[in-house]
Amino acid sequence: MLGEPGFPLIFPSYRFASFELLSGAVAYLLSVPAMDVYYIYLLPVWVVIAVMAIFLLTKEIIPKHWLLAGAVAFLLTLLLGEMHRSPANFSFVRIFQGKAVFLSVIVPTIFYLSARFFSERGTKADLFLLACCQVVSVGLTNFGMLMGPIVGFGALISNLPLALKGDLKKLYYAFAILLIPLPYLINVALESSGSPIMNFGTETAANVWTSVFGSHQQYLVGFLISAGPILAKDTVTRWRMAVPPLLLFAIYLNPWLAGFISKYVTTPPVYWRVVWSFPILIFAAVSFCMIVVDLFERKRSRFIPALLSTVVLALTVYSLPFNTLRLENTGSVEGFATWKVPMTHLLVAQKAMNIDNDGGRLLAADEIAGVISRFEGHPRLISTRGMYLDFMKPLVGEAESVPRQLLYDFVIGKGTTQIQKVRAAFHSLDVSVIVLKLDKETSDVLTVLDSEGFKQRELVNGYSIWARRLL
C-alpha cells in the first residue's frame, strides 16, 4: 500500500486477502494493467454470478413466483441506495470490490445452498459448496472470516424445521462447516491485541440501521422484511423468512448487546456490517411478491393485502427521490467500462507519478495518494489514508509514524505551526515529490517548500505538483 518493503500489515486480516491478488494474477497472465482487470474485465463475472445467486435463492424460498421475486430484487437494488453503506450500493455501484462480491454473491449463495442441502434434494455436493463459500469468504474481505460463519449460522437456523425432520448428521456437518474460518479468526485476534482500532467509538444499533438504509428508506425495508413471516403460507417458508431478521434485531442490533458485539466481536469500525447477516434486499423482494400475490390470488376479502400494497406503494414513492441511480450517489459517468476513479484525481496522480522522484517518497492527501497506491510500481508514499497513520503507530514506532503524521498534517493544511519539525521530516523521510491542493498553498507553506528546494513542476485540476532533487 505504501510501497515500503518490510512494513508490517496495518490489519492482520489483510494477510489472507486474495481478491486483489486474483486481479493481479489475471493482469500478469494477460499483460494488462491490474486496474483494468479489477475495474473492467472481472466486473461482468461478478454481475452475472450475483444475478444467478439472487434467482437461485428466490427459487428456493418462493418457487412459484421466483422470477418475479428476482426481478423485484433487482428493482430494489436500483431503489434502495440512499446511503453509501446500503446493500444496494454494494451490489450496484461497488460490485468491483471484494466485500461487495461477498455481500452480493456469497451471502445469498450460502442461504441457497443451506436451503437446498436440508431439503430432500440435498447432497454432499451442496455441503462441499457451502465449505467453499466459507473459504472464499476469508479471501474476499477481511470481515468475511467472521461474517461467513454468522451468515452460515443464520442460514442453518432458518432451515431448522427441515434439518430436524431429516438426517441429523446433516445438521452436524453444517455446523462443522462454520468452523472453517476459525483458525484465521484466532490468528487475527491474537495479532490485533492492543490495536488502536479498538479505541474507535461504538455506534448504537439505531444509528447502524439508519446509516445503512437511510432516514427515508428504512421504513420500506423494515416494513417488507416484517411482512414476509406473517404472509408466508407454510412453516418452512415462515421459518426461513422470520429467523434471519429475528437474529439481526434480537442479537446483532440489540441495543443492550451492541456495545459488547462492537468491541469484542466485530471491532467498532465495522460493527455496522452485521446487517450483512442475511440478504435483506432479496428477503424484501420475496415479501413484496407475497403481498402482490396475496392481493391478486385471494378469493375472499382483499382488504388486508390491498392495505399492505398501499403502504408499500406510499413508502416506495417516499423512497424514490433517494434512489441508487441519482447523480450524487453514483458520481458522474466518465465513460463506458472505465476505472471507478474520478478522472480529475486520476490525471493528477498520473502526472505526479511521471515526475522523476529521485528515489524519494511522495506526499499527497488521501484523494490523490489513495489513487497512486493502486498502481503497480508506484513510488513510496508517506500515507494513503490519514486514519491509517494511527493504526501504524504501534506497529512501526514513533520514530517512523510521527514524521509521517507531521507531513500528512502539512499537506492537508494543518501542520504550519511546527515548521522546523516538518522540515526535519522532509529530510528524514526523503520526500522528493509533493502534491498540494491549490487552496492549501498559503504563504507559510510556499516559504517552507522554497526553503527545502521544491520547485513547482505541474499545475493540474486544482492541484500543484512540487519536486526536488535529493542530496
Side-chain angles (χ1 to χ4, degrees), residues 1-54 56 90-110 113 125 128-145 147-148 180-181 183-184 187 333-343 345-347 349-354 357 362 368-381 384:
M1 185 163 60
L2 294 175
E4 299 283 1
F7 249 45
L9 292 170
I10 296 177
F11 302 114
S13 54
Y14 284 172
R15 180 173 289 107
F16 309 114
S18 57
F19 183 77
E20 291 77 14
L21 293 178
L22 172 64
S23 297
V26 174
Y28 178 79
L29 291 174
L30 299 180
S31 298
V32 296
M35 285 213 283
D36 278 354
V37 177
Y38 185 76
Y39 287 112
I40 302 173
Y41 300 162
L42 290 179
L43 192 61
V45 177
W46 311 138
V47 171
V48 169
I49 59 177
V51 172
M52 290 175 60
I54 289 172
L56 285 171
F90 277 93
S91 296
F92 189 80
V93 181
R94 305 169 66 180
I95 190 63
F96 57 87
Q97 297 175 323
K99 52 194 170 186
V101 175
F102 170 79
L103 178 58
S104 306
V105 177
I106 300 302
V107 173
T109 299
I110 288 176
L113 290 171
F128 173 74
L129 291 175
L130 279 170
C132 291
C133 285
Q134 294 297 330
V135 174
V136 170
S137 297
V138 175
L140 282 177
T141 169
N142 60 341
F143 196 60
M145 64 182 69
M147 207 66 230
I180 288 176
Y184 302 96
N187 177 271
V333 179
E334 306 287 354
F336 177 74
T338 58
W339 297 350
K340 185 67 175 178
V341 178
M343 196 59 67
H345 295 163
L346 178 61
L347 182 58
Q350 290 174 325
K351 291 282 187 181
M353 288 190 296
N354 288 338
N357 62 13
L362 187 149
I368 304 302
V371 175
I372 293 174
S373 68
R374 305 178 201 183
F375 285 88
E376 307 102 301
H378 64 76
R380 290 179 296 166
L381 297 167
T384 54

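Heavy atoms only: backbone and side chains are in, while hydrogens, waters and symmetry mates are out.
Between Tyr41 and Val26, every side-chain heavy-atom pair lies at or beyond the 4.5 Å cut-off. Leu22 has its side chain within reach of Leu42: a pair of non-hydrogen atoms, C-beta onward, lies under 4.5 Å apart. Contact annotation: the side chain of Met147 approaches that of Phe102 to within less than 4.5 Å [non-hydrogen atoms, C-beta and beyond]. Counting heavy atoms from C-beta outward, Ile372 and Pro379 have side chains that approach closer than 4.5 Å. Taking 4.5 Å as the limit, every side-chain heavy atom of Val138 sits out of range of all side-chain heavy atoms of Gln134. Side-chain contact between Tyr39 and Asp36 is absent, with no heavy-atom pair separated by less than 4.5 Å.
When every heavy atom of Asn142 is checked against every heavy atom of Tyr14, the shortest pair comes out as ND2-CE2, 3.7 Å. Minimum interatomic distance between Ala349 and Ile368 (heavy atoms only, all atoms of both residues): CA-CG2, 4.2 Å. Of all the heavy atoms in Leu381 and Ala369, the pair that sits closest is CD1-O, 3.8 Å. Residue Lys340 comes nearest to Arg374 through the heavy atom pair O-NH1, 3.9 Å, listed as atom of the first residue, atom of the second, then distance. Scanning both residues, Cys133 and Thr109, for their nearest heavy atoms gives SG-CG2, 3.8 Å. The heavy-atom pair separating Ile95 from Trp46 by the smallest distance is O-CD1, 3.7 Å.
Evaluation of the salt bridge (Lys or Arg N to Asp or Glu O under 4.0 Å) rule for Arg94 yields no partner, not counting sequence neighbours.
Distance CG/Leu130 to CD1/Ile180: 9.0 Å, rounded to 0.5 Å. Taken from CD1 in Ile106 to OG1 in Thr141, the straight-line distance is 11.5 Å, to the nearest 0.5 Å. Cys132 SG to Ile110 CD1: the interatomic distance, rounded to the nearest 0.5 Å, is 11.0 Å. Rounding to the nearest 0.5 Å gives a distance of 15.5 Å between NZ of Lys99 and OG of Ser137. The CG atom of Asn187 lies 4.0 Å from the CZ atom of Phe16; values are rounded to the nearest 0.5 Å. In this structure, Met52 CE and Ile49 CD1 are separated by 8.0 Å, a value rounded to the nearest 0.5 Å.
Counting only distance, with no hydrogens or angles, the side chain of Ser373 and the backbone of Gly370 share a donor-acceptor pair below 3.5 Å.
Within 6.0 Å of OH in Tyr184 there are 12 or fewer heavy atoms belonging to other residues, nucleotides or ligands. Counting non-hydrogen atoms of neighbouring residues, nucleotides and ligands closer than 6.0 angstrom, the CZ atom of Phe143 exceeds 12 such neighbours.
Applying the side chain to side chain donor-acceptor pair (under 3.5 Å) test to pairs two or more places apart or on separate chains, none has a residue in residues 22-35. Screening residues 6-34 for salt bridge (charged side-chain N to carboxylate O under 4.0 Å, His left out), with sequence neighbours left out, gives Arg15-Glu191.
In this pair, Phe375 and Trp339 present their aromatic rings perpendicular. The plane angle is above 60°, beyond the 30 to 60° band.
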Please determine whether side-chain contact (heavy atoms from CB on, under 4.5 Å) holds for the pair Met343 and Leu347, giving the CA-CA distance in whole Å, both sets of side-chain angles, and the decisive distance to 0.1 Å.
CA-CA 6 Å; Met343 196 59 67; Leu347 182 58; 5.7 Å; no
